[in-house]
Structures are given as C-alpha cells and as structure tokens.
Participant: 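I have a structure here, written as structure tokens, and I will follow up with some questions on it.
Treat the numbers as computed from the prediction; the structure is a model and nothing was measured. Each ligand, and each atom within it, is numbered from 1 in the order the structure gives.
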Amino acid sequence: MAQLQAVKGTRDIFPDEIARWHYVEGVIRSVAELYGFNEVRTPVFEYTELFQRGIGATTDIVGKEMFTFQPDPNGRSLTLRPEMTAGVMRACLQKNLLSQSPVSKLYYISDLFRKERPQAGRQRQFTQFGVELLGVSSPAAVAEVLTFMMQVFSSLGLHDLRLRINSLGDLDDRARYREALWDYFMPYQNDLDEPSKERLEKNPLRILDSKNPALKEMIAGAPRLYASLKQASVADFEKVLSYLDDRQIAYEVDYLLVRGLDYYCHAAFEVTSSELGAQDAIGGGGRYDGLATELGASKELPAVGFAVGMERLMIAMEKQGLFTTLNPHGPLVYVVVQQKGLTDHAMQVVFRLRKAGLKTEIDLAGRSMKAQMREANRMGSAYVLIIGQSEIESGHYSLKNLETSEQTSLDLDALTGVLHEAVTQESARP
Ligand code: HAM
C-alpha cells in the first residue's frame, strides 16, 4: 500500500519553523493592540451563498476556486472560506455588533482555502492576517488600516515593498466606467480570450484583472476609472493620499488596479514584494461599503480592511534574512539518568522542577547516559542535572553548567533557587 501524502497545495509546519510563525504572530498581535484592534474568529465554513453574494459571482474565487460541498442531499451548499471579509461581516451583522458601538475594529490570523493551481507562494490552504474596520470608512479610517499594515511590515523589518492604490469610486462611478470599458473593449471582442469575452458581457471591470500576457497591451490602453469619478469621490481619495503623505508612507497611484473581489469601492490597494516572483502580492484591501447590503442588511454599513498572506510575508522575510537571529531556546535543564532503575525518581524531580516554572527535559526513550548528554547539547540546554544512586541517597544532585563546565552539588530546593537565578539573569540580558 502506498504511503499517504499531504494533499497538494497544503503543507505541514514543524517545530523548527513554528518559532517564525510565533514571532510574526506576536508582532501582529502587539501592533493590533497599539491600534486598538481586537481578535475575531469565525467558522471555517459558511453557506456558499455568503461568498457568491459577497465576493461576486463573476470573480475567479467564486467562479472556480471554492471548495464547495453538500453535507446531505437536501442540505444547503457549504463552502470552505476562501477569504475572511464576508464571514466577518456576516458575523457582525448577525450579532448586531454595531448597535453596541458605532465602530468595530477587528483583526484575525486565519486559515483559508482556494482551489488554485499550487506553486511557490500559492497554496490551497493558506493563512492570512488582516483587519476589518466596520462602521466608518472615512479617509481617516482607510488611512488607519493602511498605516496599521505598513507598521506591521516595518516592525518586522521588511523593506522594498510597493504599495499601489486606486479609487474605484461609488456605484454610479463604476456604472459609468463599466460603460466606458464596454465601449473600449467591444471593437477588440475577437481578440479577447474566452474568460474575458464572458467578462465583457457580465462585468468588464474583471478584464482589467486578467493575468493573460497577450491582453496586457490592450488593458494598458483602457480608459481609467479615475476619469469617471465624480468630484466628491476624487476629493475623498485625495484626502486618503494626503494622510499617507503626512505619515511618509510611500505609494503609487495605479489607475488600473481593480482587485480580484467585487465588494470594493473607493480606495483599494495592494502591496507587492520584489522578493516573491510570480505571486508577488503580499497583501491587499480597501473599502467595501456595499457588502452589508449585498448580504441582506437593511442599510449600508461602511467598512474598510485588508489582508496579508502569511506564507508570502514569511517567504519575503526569509529572503531578506530577517529570521537569522530567531533561535528557539532549548531547555534550561536536562535531567540525565545514570541507570534505568532510577527513571521513576528522576521523573519526580522533573515534575517538581516544571511545577516550579523551570523548563526541564528528560529522555523518554531509555537511552544511554552518553546519548542523553549528547541530546542535552543538541537541544542547547543550559544545564544538565545528573541523577545516580548516590545522588538519590544523599538528596544532593550534581548540576553542570554546559557553557562553563562548572559543577555543583545541591539539594532540590537550593537547585531550584540557582536555576531561577539563571533564568532571571538570562532575561535581563540585552
Ligand atoms: P486577497 O487579495 O484575495 O484579498 O488576498 C490577500 C492576500 O492573501 C494576497 O495578497 C496573498 O498574499 C494572500 N493569498 C491569496 N491567495 C493565496 C493563496 N492561494 N496562497 C497563498 N496566499 C494567498 C482578500 O482576501 C480580502 N479579503 C482582503 C480584504 C480584507 N479586503 C478587505 N478586507
């Protein structure tokens, strides 16, 4: 029988890599705290309709990338979440969260699922961190989430990022733009690829999102949405840009940026990294004032947010050497047993040290003393505690500092004191 493998497009994360995840998650959580965002967790699957209505039926995500299943013949269709925004909005509307306070500031670090062709930086299960600010989407709110995102990147030391931003205007602006696009692409109808021909009929904006190199030139010549914006939309967008200028956040206005999800309006943005190759988008977001009503809310709920792909973020960090100083700490003390019959006593010592808050390891495989010493060194333990027959009889154990090779013989209370002292000194180190 063939040995089972992980599903294509998924990956396992082992302890040597997990230190990186904890570090990045820790930075995200601490910046979230500074900005007053609180964590939200929503279910991994939702009714399929949520994403069809929220993200848009003509998008790639809904059209071909969702993992959809029917739990029973008469049940409603369910889908593994391909993104977080629709689910977070659904949850907030359901709980009527905005009745408690006019603004809700939420963040998440969550797993998502998209049936895309796996390649470097593109998985079928991946993780995003992101924020959703509900209740207001003023230029100040847009600038708040953008500044949050850029502060996470700078706290992690990530550089050479490119922030592109555009305004998608409001519904009227986009309706006018759709007409302008239709007029532009119609004469080229026969040169379009099949998906774009379909998009021309259903949602010409999506053509701008095409990755087909053969269409690149034609798309570059398309009219700009910006030209269809009414004065109020332009003023709103310029205010966002002025906040970014004030905060010295570098950006480029990209008049062809439309994003791959239909719920956006007004400011929409994307961050790319030159470290990433073909899948260079590290994060993206924008305003989505119309999502609540798409999901059935009786009135519009202004909102803005973004999400960043954790795997891509970490690939870029790795390329920039930002993980080199990240060394997971080994145990403080490794308890070495001289002969097999003493293991039960040694386990009691281990238990007492751990209860006293000391990071303690012991060999569970019954290996030789030499092998235990080797393992203590391999794990980077600071001390070994040796337990032999005479130690048990005298109640004094020999503690060896593996860095200095100094050895002392102490009873358990004194030993606990010395080890606590060592922890205090270690944490006081710069
Ligand atoms: P998105 O642009 O679809 O936006 O995804 C955001 C980020 O998730 C991407 O820039 C990328 O880094 C990462 N990502 C997407 N697909 C994959 C994949 N298959 N494998 C690895 N990473 C991936 C959204 O999802 C919106 N919900 C963002 C948002 C939040 N807008 C408003 N609020």
Participant: Where is the nearest protein heavy atom to atom 26 (C) of ligand 1: which residue, which atom, and how far?
Facilitator: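 Checked against all protein heavy atoms, atom 26 (C) of ligand 1 sits closest to Tyr263 OH, 3.3 Å.
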
Participant: Assess whether atom CD of Glu252 is packed by more than 12 heavy atoms of other residues, nucleotides or ligands within 6.0 Å.
Facilitator: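 Atom CD in Glu252 is packed in, count exceeds 12.
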
Participant: For ligand 1, which atoms have a heavy atom of Leu261 less than 4.0 angstrom away?
Facilitator: 3 (O), 4 (O)

Participant: Any salt bridge linking Arg11 with Glu311? Criterion: basic side-chain nitrogen under 4.0 Å from a carboxylate oxygen.
Facilitator: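 Looking at Arg11 and Glu311, the cut-off is not met.
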
Participant: Under 3.5 Å between any N/O of Gly309 and any N/O of ligand 1: does that happen in this structure?
Facilitator: yes

Participant: Among all protein non-hydrogen atoms, which one is nearest to atom 31 (N) of ligand 1, and what is the separation to 0.1 Å?
Facilitator: Tyr264 OH, 2.6 Å

Participant: Within the supplied structure, the quantity of interest is the number of heavy atoms (other residues, nucleotides, ligands) at a distance under 6.0 Å from Lys197 NZ; does it exceed 12?
Facilitator: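 Yes - once you tally the heavy atoms of other residues, nucleotides and ligands closer than 6.0 Å, there are more than 12.
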
Participant: In terms of atom number and element, which parts of ligand 1 are under 4.0 angstrom from non-hydrogen atoms of Glu83?
Facilitator: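 Per the distance check, 25 (O), 26 (C), 27 (N).
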
Participant: Quick one: do Glu198 and Arg206 make a salt bridge, cutoff under 4.0 Å?
Facilitator: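 Salt bridge absent between Glu198 and Arg206.
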
Participant: Would the number of heavy atoms belonging to other residues, nucleotides or ligands and lying under 6.0 Å from NZ of Lys230 be above 12?
Facilitator: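 For Lys230, atom NZ is crowded (more than 12 foreign heavy atoms under 6.0 Å).
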
Participant: Would the Phe129 and Phe306 ring centres measure less than 6.0 Å apart?
Facilitator: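 Yes: the rings meet the under 6.0 Å criterion.
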
Participant: Find all atoms of ligand 1 within a distance of less than 4.0 Å from any non-hydrogen atom belonging to Ala307, and give their numbers and elements.
Facilitator: 6 (C), 7 (C), 28 (C), 29 (C), 30 (C)

Participant: Just need the protein heavy atom nearest to atom 20 (N) of ligand 1, so name the residue and atom and give the distance.
Facilitator: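 For this ligand atom, the closest protein heavy atom is Gln123 N, 3.0 Å.
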
Participant: When only distance counts, is Phe306 in polar contact with ligand 1, meaning an N/O pair under 3.5 Å?
Facilitator: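 For ligand 1, there is an N or O atom that lies under 3.5 Å from one belonging to Phe306.
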
Participant: Would you say Gly283 has any N or O atom under 3.5 Å from an N or O of ligand 1, going by distance alone?
Facilitator: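 Gly283 vs ligand 1: N/O contact under 3.5 Å present.
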
Participant: Taking atom 18 (C) of ligand 1 as the point of reference, which of Phe126, Phe129, Phe269 owns the nearest heavy atom?
Facilitator: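 It is Phe126 whose heavy atom sits nearest to atom 18 (C) of ligand 1.
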
Participant: Tell me the protein heavy atom at minimum distance from atom 6 (C) of ligand 1, and give that distance in Å.
Facilitator: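 Answer, as residue, atom name and distance: Gln128 NE2, 3.2 Å.
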
Participant: Judged on heavy-atom distance to atom 3 (O) of ligand 1, which of Met89, Arg114, Arg259 sits nearest?
Facilitator: Arg114

Participant: Only heavy atoms count here, so choose which of Ala281, Ala303, Ser273, Gly87 is nearest to atom 12 (O) of ligand 1.
Facilitator: Ala281

Participant: With heavy-atom distances below 4.0 Å as the criterion, list the atoms of ligand 1 near Gly305.
Facilitator: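 Per the distance check, 30 (C), 31 (N), 32 (C), 33 (N).
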
Participant: For Glu116, counting its heavy atoms only, list the atoms of ligand 1 lying under 4.0 Å from any of them.
Facilitator: 16 (N), 17 (C), 18 (C), 19 (N)

Participant: Provide the number and element of each atom of ligand 1 under 4.0 Å from a heavy atom of Gly285.
Facilitator: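 Reading through ligand 1 atom by atom, the close ones are 31 (N).
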
Participant: Quick one: does Tyr108 get an N or O within less than 3.5 Å of an N or O on ligand 1?
Facilitator: no

Participant: Specify side chain, backbone, both or neither for Ile282, according to which of its non-hydrogen atoms lie closer than 4.0 Å to ligand 1.
Facilitator: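 Ile282 to ligand 1: backbone contact only, side chain stays beyond 4.0 Å.
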
Participant: Are the side chains of Arg122 and Arg312 in touch, meaning some heavy atoms are under 4.5 Å apart?
Facilitator: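 Touching, per the 4.5 Å side-chain cut-off.
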
Participant: Would Met84 count as being in polar contact with ligand 1, using the rule that some N or O on each side must be under 3.5 angstrom apart?
Facilitator: no

Participant: Salt bridge between Glu375 and Arg378, side-chain N to carboxylate O under 4.0 Å?
Facilitator: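 Looking at Glu375 and Arg378, the cut-off is met.
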
Participant: Considering both backbone and side-chain atoms of Thr85, is one of its nitrogen or oxygen atoms within less than 3.5 Å of a nitrogen or oxygen in ligand 1?
Facilitator: yes

Participant: If you count the non-hydrogen atoms of other residues, nucleotides and ligands that lie under 6.0 Å from CZ in Arg352, is the total more than 12?
Facilitator: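 Atom CZ in Arg352 is not crowded, with 12 or fewer foreign heavy atoms closer than 6.0 Å.
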
Participant: Any heavy atom of Pro82 closer to ligand 1 than 4.0 angstrom?
Facilitator: no

Participant: Is there any N or O on Glu132 that sits under 3.5 Å from an N or O of ligand 1?
Facilitator: yes

Participant: Would you mind running through ligand 1 and noting each atom that sits below 4.0 Å from a heavy atom of Tyr288?
Facilitator: 32 (C), 33 (N)

Participant: Could you tell me the residue and atom name of the protein heavy atom closest to atom 21 (C) of ligand 1, and the distance to it rounded to 0.1 Å?
Facilitator: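 In this structure, atom 21 (C) of ligand 1 has Gly121 O, 3.4 Å as its nearest protein heavy atom.
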
Participant: Would a line drawn from the ring center of Tyr35 to the ring center of Phe148 be shorter than 6.0 Å?
Facilitator: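 Under 6.0 Å, so yes.
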
Participant: Do the charged groups of Glu270 and Arg164 touch, with an N to O distance under 4.0 Å?
Facilitator: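 A salt bridge links Glu270 with Arg164.
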
Participant: Should the pair Phe69 and Phe45 be assigned to parallel (<30°), tilted (30 to 60°) or perpendicular (>60°) ring geometry?
Facilitator: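 Correct class here is perpendicular.
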
Participant: When rounded to the nearest 0.5 angstrom, what distance separates OH in Tyr264 from CD1 in Ile55?
Facilitator: 9.5 Å

Participant: Distance under 4.0 Å to a non-hydrogen atom of Gly284: what atoms of ligand 1 satisfy this?
Facilitator: 28 (C), 29 (C)

Participant: Might you confirm whether atom CE of Met347 has over 12 heavy atoms from other residues, nucleotides or ligands at distances under 6.0 Å?
Facilitator: no

Participant: For ligand 1, does Arg122 get within less than 4.0 Å through its side chain, its backbone, both, or neither, judged by non-hydrogen atoms?
Facilitator: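 Contact part for Arg122 vs ligand 1: both backbone and side chain.
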
Participant: Under 4.0 Å between a Lys/Arg side-chain N and an Asp/Glu carboxylate O for Asp60 and Lys211?
Facilitator: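 The answer is no: the pair does not qualify as a salt bridge.
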
